[in-house]
Amino acid sequence: MEDTNTSAPMKLLVAILFLFLLAPVILVVPLSFSGEQILSFPPESWSLRWYAALADNPKMISAFWTSLTLGVIVTAISLAVAIPAAYVIVRMRTLGSTFLYNLFTAPLLLPTIVLGLAILIIFASVGFLGTFTGIVIGHLVITLPYALRVIATTLGNLNLACEEAASTLGGRPLTVFHRVTLPMMAPGIVAATALCFLVSFDEVVITLFLTGPRLTTLPVELFHHVESRADPLVASVSVLLILLTLAVVMIVDRTIGLSKTFVK
Amino acid sequence: MMHQTVLCGSATVSDGRDVHLRLDGLTKRYGESVAVAALDLAVPKGELVALLGPSGCGKTTTLRMVAGLIKPTNGRIVVGSNDITIMPTYRRDMGLVFQSYALFPHMSVAKNVAFGLEMRSVPKPEIERRVKEALGMVRLEALAERKPRELSGGQQQRVALARALVIRPSILLLDEPLSNLDAKLRDEMRNEIRDIQQSLGITAVFVTHDQVEALSMCDKVVVMQGGKLEQVGTPVDVYEHPASPFVASFVGRTNRLKGTAQGDGSVTIGAMKVLVPGRPGGKVEIMVRPHRMKLVEEGSVEDVAGQEVNRLAGHLKRVTFVGDLLQYSVDVGGAEIVVEAASDHGRGFRIVGTPVAVLWRVEDTMVFGRGA
Amino acid sequence: MMTITVPTAPTVSRPALGRTGTAAALLLPIALINAIGFILPVLNLLRMSFNEALAGGGVRETFTLANWTGLFGDSFYVELIINSITVSLSITIATLIVSYPIALYLHRSTGRWRTFLTVLVISPLLTSAVVRTYGWIALLADQGPIVSAIAALGIAPPRLMFNTTGVIIGLTEILMPYMILSLLAGFGRLDPRVEEAAMSLGAPPAKTFWRVILPLTLPGIALGCLLCFVLAVSSFITPKLLGGGRIFLLATEIYDQAIVTLNWPLAATLSMLVLIIFGAALAAYARVLRAIE
């Protein structure tokens, strides 16, 4: 419902500000159908040539596959590492859980430019630069805190009594975990999955420090492309990226929408 | 160890029934604070026992220790002839009904009820049969495929009960199971739980802070305060012969007056004097239940069936109409006494300030000594 | 309410040592990644800021304050630092001004409309900063729609790109979602009934805003400003692309020193300086918050 307290000029102002906020994202859509050789808006002619150019650009395509593989692997490792860690921190509460939680989420407080440089210097000495392993670890440093935070919050909000009920009904600890705890955590796990994937897939700054001439991710490739040329190619890639993000968000909405029904 | 450690099979309580659950010096400390202090309790087979007390009295902690969800600091828990103090929860074979119901939100009603049977590797056809039977017992067969969130509070409560009973637990534990229901439903569920418990002949422990629940449903009431037992007895015992001022005031309403006993069967309260049963001495507190008192016009000559009565004169301070009752507040020498009378179409004393007298039988006076 | 949380597992029968062992084993992977990807690199970075840079990208292990003293002795870096801070402050203020009306409007709306608007606010966050900066390049270009529109009004067309103006415009938009969400978080105390009460007491809308709404939303404003300032100081993608290599800020300089000039000790020193500015911003925030309370 729209509220009635707001005057018409205020509404107009809000609309203009929303336009400002969304302009660059909306703009890439018409831009990607440009028929021009260089970046200009509005384009004088329309075409699909930049989508065709994208299909013919092996560098972009290989960077896309690198990013996709990276995103999947980083997400899988993040979940596998963060779920048990969150469980220990939230439930066992023995070893200074608050300290550990703060320590493990601290990388989010550091600017990525600083973190990227710090990792660069260490990884240079062990030969991790320009390697897939190096980038995976670099991404884990920032996806793990997100995963831990989301999963720990979900776990903390679970009704402990359900697990107690399961154990009074004869469920052994591991059975209780996989029959009751894990299914009840489903919404948090879905959210963490999406978040980790999107963070890894979109990461530029840290990755810029870690990629090499033969191995690069899509955002890094886009960055270098924008830095050196001004043509509508990036617009066509952006549209595809926005569609991918939209797909991920919709999957999450579906799943969490469904699993929200679990929670009373 | 102070308490007796009579153990095993032959243990019986006074009325000769077998003890099913025994707590021996059960203690739970959290650092400095004591949640439950050396609790001794014997629950006979087939009885429904209430743990009654205000919040923080240790009743829930006690129940959770029995279920194995909290580790006792000291003492033992014995079921039949087995010491289960250190047995893990999942092997205890107790059905626990939670205050929040704790239904598994991701499972259907039938799956919720089947969970305990699956844990016991009961064959599938038998699971189906027993789930049906358990849901029949709580009249929810029709809702078997629903998810918990699609049920009303009362229905969720009955699923929780069915889930706890379907495993045929040795003991049924109920943790404030009715506190989330509205008043009317609470009355209904009270009877239902009692009926099911009686027909199955199952031993049950019922935690509540509601004295009406404890008195109306249970064979025995255990009143607790500050982690300690105040009194164990039948509902009538606890109500009519409270062992302490705490029990008297927690179980049922009561008027409390402080005075000095003269050792001759009388107690002086300021300028007033009342008669009490027995011949206590020293500083005392006397208590009288409001419904045991009667309000009469001052100066009227009225006998209470030839019994010894106390009579205090005062002024009517306030009249409260509560439907089936009229509550009178009477100012008696500076103290306020509440008298309850059946409301006869709302008729009764009405005018505030009326000089009145409060009457009650001497034998209805409860006397408790007060420490110095 | 139970005040103690008890682990689900029947801890009763398990020895304490076994539990601690299990817990440690489950925490090991995250601790390992935290150690090699965060603790170790950051400590090493601090150490690096006291090493000596050799020509051609070499580093000599030593302990010198030369990087630090050099930084404050060189007018280029002094200007860079001052420039970074003033640009970040400008961005913060601009972001606050354009975000506040949206946040206030969002706070007052309800139901599906509010959900929809919230999604609109969050959606740019899910889009890569590279993509959004690219959109601004198209908008702010010399022949772009904005410059053309201004020229059409008969005003001398300004340059909006490859200069500080462009960086401020772009980063303001990039940081808006953070500001709006922070403001909303701080608006919790702003009950619409308070506004109604003020108006019923005879306060006209402007007075209501200055005397009631603004004071109540100060904590949210402080939080949003802290967050945006910190993000602006450390932002790299937008200044690099919209500045076209002509705008020198702390973050872009760190990257250039690390990747182009290969002067790691200097890059490390600049990084530590960013962290010091973070600390100062946080301290200022704490003071402001105390003053508000």
Side-chain angles (χ1 to χ4, degrees), chain A residues 1-3 5-6 13-14 17-18 20-25 27-28 31 39-42 81-82 84-85 88 91-95 103-104 107 111 113-114 117-122 137-138 140-141 144 160 163-164 167 173 176 198 202 204-205 219 222-223 226-227 230 234 238 241-242 245, chain C residues 5 7-10 19-20 23 26-27 29-30 33-34 36-38 40-42 44-45 48 98 101-102 105 108-111 113 120 123-124 126-139 141 143-145 173 176 234 236-237 240-241 251 254-255 258 264 267-268 271 274-275:
Chain A
M1 242 178 295
E2 221 171 319
D3 100 308
N5 272 343
T6 313
L13 177 67
V14 169
L17 292 175
F18 260 112
F20 176 71
L21 174 64
L22 300 172
V25 179
L27 190 77
V28 295
L31 215 50
L39 183 62
S40 67
F41 188 86
V81 170
V88 171
R91 286 298 162 78
M92 294 199 172
R93 291 214 159 273
T94 43
L95 311 143
L103 176 69
F104 294 150
I113 187 92
V114 173
L117 174 67
I119 297 175
L120 164 81
I121 295 173
I122 284 286
I137 297 175
L140 284 175
V141 173
L144 273 177
L160 203 58
E163 289 159 69
E164 292 177 346
S167 77
V176 173
L198 289 178
D202 274 350
V204 207
V205 180
L222 285 179
F223 175 81
V226 176
E227 206 182 9
V234 173
S238 303
L241 281 185
I242 291 169
T245 308
Chain C
T5 35
T8 34
R19 274 189 72 218
T20 314
L26 293 175
L27 288 174
I30 199 168
I33 292 168
N34 191 265
I36 61 169
F38 174 62
L40 194 65
V42 171
N44 183 60
L45 192 68
M48 181 61 78
V98 294
I102 291 189
Y105 182 72
R108 287 174 178 173
S109 46
T110 51
W113 181 237
L120 281 191
S123 58
L126 299 174
T127 317
S128 164
V130 178
V131 171
R132 290 163 74 195
T133 306
Y134 174 76
W136 278 113
I137 290 177
L139 278 169
Q143 272 77 46
E173 186 270 336
M176 266 175 87
S234 61
F236 163 70
I237 299 295
K240 186 82 186 164
L241 295 178
I254 291 174
Y255 180 78
W264 286 357
S271 297
V274 169
L275 296 188

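Residue numbering restarts at 1 for every chain, and letters A, B, ... go by the order of the sequence lines.
Looking at A:Leu198, only its side chain comes within 4.5 Å of chain C, counting heavy atoms on both sides. Within the 4.5 angstrom heavy-atom criterion, only side-chain atoms of A:Thr245, from C-beta onward, approach chain C. In this structure, the portions of A:Ile119 lying under 4.5 Å from any heavy atom of chain C include both its backbone and its side chain. Contact annotation for C:Leu120: both backbone and side-chain heavy atoms come within less than 4.5 Å of a heavy atom of chain A. Residue contact with chain C, scored on non-hydrogen atoms closer than 4.5 Å, involves the backbone and the side chain of A:Val226 alike. No part of C:Thr133 comes within reach of chain A, as not one of its non-hydrogen atoms sits under 4.5 angstrom from that chain. The part of A:Val25 that comes within reach of chain C is its side chain, from C-beta onward, which places non-hydrogen atoms under 4.5 angstrom from that chain. Contacts of C:Glu173 with chain A are made by both backbone and side-chain atoms, with heavy-atom separations under 4.5 Å. Residue contact with chain A, scored on non-hydrogen atoms closer than 4.5 Å, involves the backbone and the side chain of C:Leu26 alike. Interface residue C:Ala267: backbone and side-chain heavy atoms are both found under 4.5 Å from chain A. With a 4.5 Å cut-off on non-hydrogen atoms, C:Leu241 touches chain A through its side chain but not through its backbone. Only the side chain of A:Leu13 comes within less than 4.5 Å of a heavy atom in chain C; its backbone stays farther off. With a 4.5 angstrom heavy-atom cutoff, C:Val274 touches chain A only via side-chain atoms. Contacts of A:Leu222 with chain C are made by both backbone and side-chain atoms, with heavy-atom separations under 4.5 Å.
Taking C:Ala129, C:Ala258, C:Ala138 one by one and counting their heavy-atom pairs under 4.5 Å with chain A, the maximum is reached by C:Ala138. Ranked by heavy-atom pairs under 4.5 Å with chain A, the first of C:Ile36, C:Val131, C:Ile137, C:Ile254 is C:Val131. Ranked by non-hydrogen atom pairs under 4.5 Å with chain C, the options A:Pro84, A:Ala85, A:Pro219, A:Pro107 are led by A:Pro107. Between chain C and the residues A:Val81, A:Leu17, A:Ile137, the most heavy-atom pairs under 4.5 angstrom are made by A:Leu17. Annotation: maximal heavy-atom pairing with chain C below 4.5 Å, among A:Ile121, A:Val141, A:Val204, occurs at A:Ile121. Considering only heavy-atom pairs separated by less than 4.5 Å from chain A, the leading option among C:Val42, C:Ile237, C:Leu40 is C:Ile237. Ranked by heavy-atom pairs under 4.5 Å with chain A, the first of C:Pro41, C:Gly135, C:Pro101 is C:Pro41.
Using a 4.5 Å heavy-atom cutoff, the side chains of A:Leu241 and C:Thr127 are not in contact. You'll find the side chain of C:Ser123 reaches within 4.5 Å of the side chain of A:Leu22, heavy atoms only. Between C:Ser271 and A:Ile113, the closest side-chain pair of non-hydrogen atoms is not below 4.5 Å. Looking at A:Leu31 and C:Tyr134, their side chains come closer than 4.5 Å, going by heavy atoms from C-beta outward.
No more than 12 heavy atoms of other residues, nucleotides or ligands shown are found within 6.0 angstrom of CD on C:Gln143.
Taking the six-membered ring where tryptophan is involved, the planes of C:Tyr255 and A:Phe223 are perpendicular, since the angle between them exceeds 60° and thus also 30°.
Counting all heavy atoms, side chain and backbone alike, C:Ala23 lies closest to A:Val88 at CB-CG1, 3.6 Å. Minimum heavy-atom separation, A:Leu117 to C:Ala268: CD2-N, 3.8 Å.
Distance CD1/C:Ile102 to CG/A:Leu21: 5.5 Å, rounded to 0.5 Å.
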Inset, instruction - Determine, stepwise, if the pair C:Trp264 / A:Leu120 fulfils side-chain contact (heavy atoms from CB on, under 4.5 Å). - result: CA-CA 10 Å; C:Trp264 286 357; A:Leu120 164 81; 4.0 Å; yes

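The ring-ring contact (aromatic ring centres under 6.0 Å, His included) test applied to A:Phe104 returns no partner, not counting sequence neighbours. Applying the side-chain hydrogen bond (donor to acceptor under 3.5 Å, both in side chains) rule to C:Ser234 yields no partners; only residues at least two apart in sequence or on another chain are considered.
Looking at C:Asn34, its side chain does come within 3.5 Å of a backbone N or O of A:Leu103 through a donor-acceptor pair.
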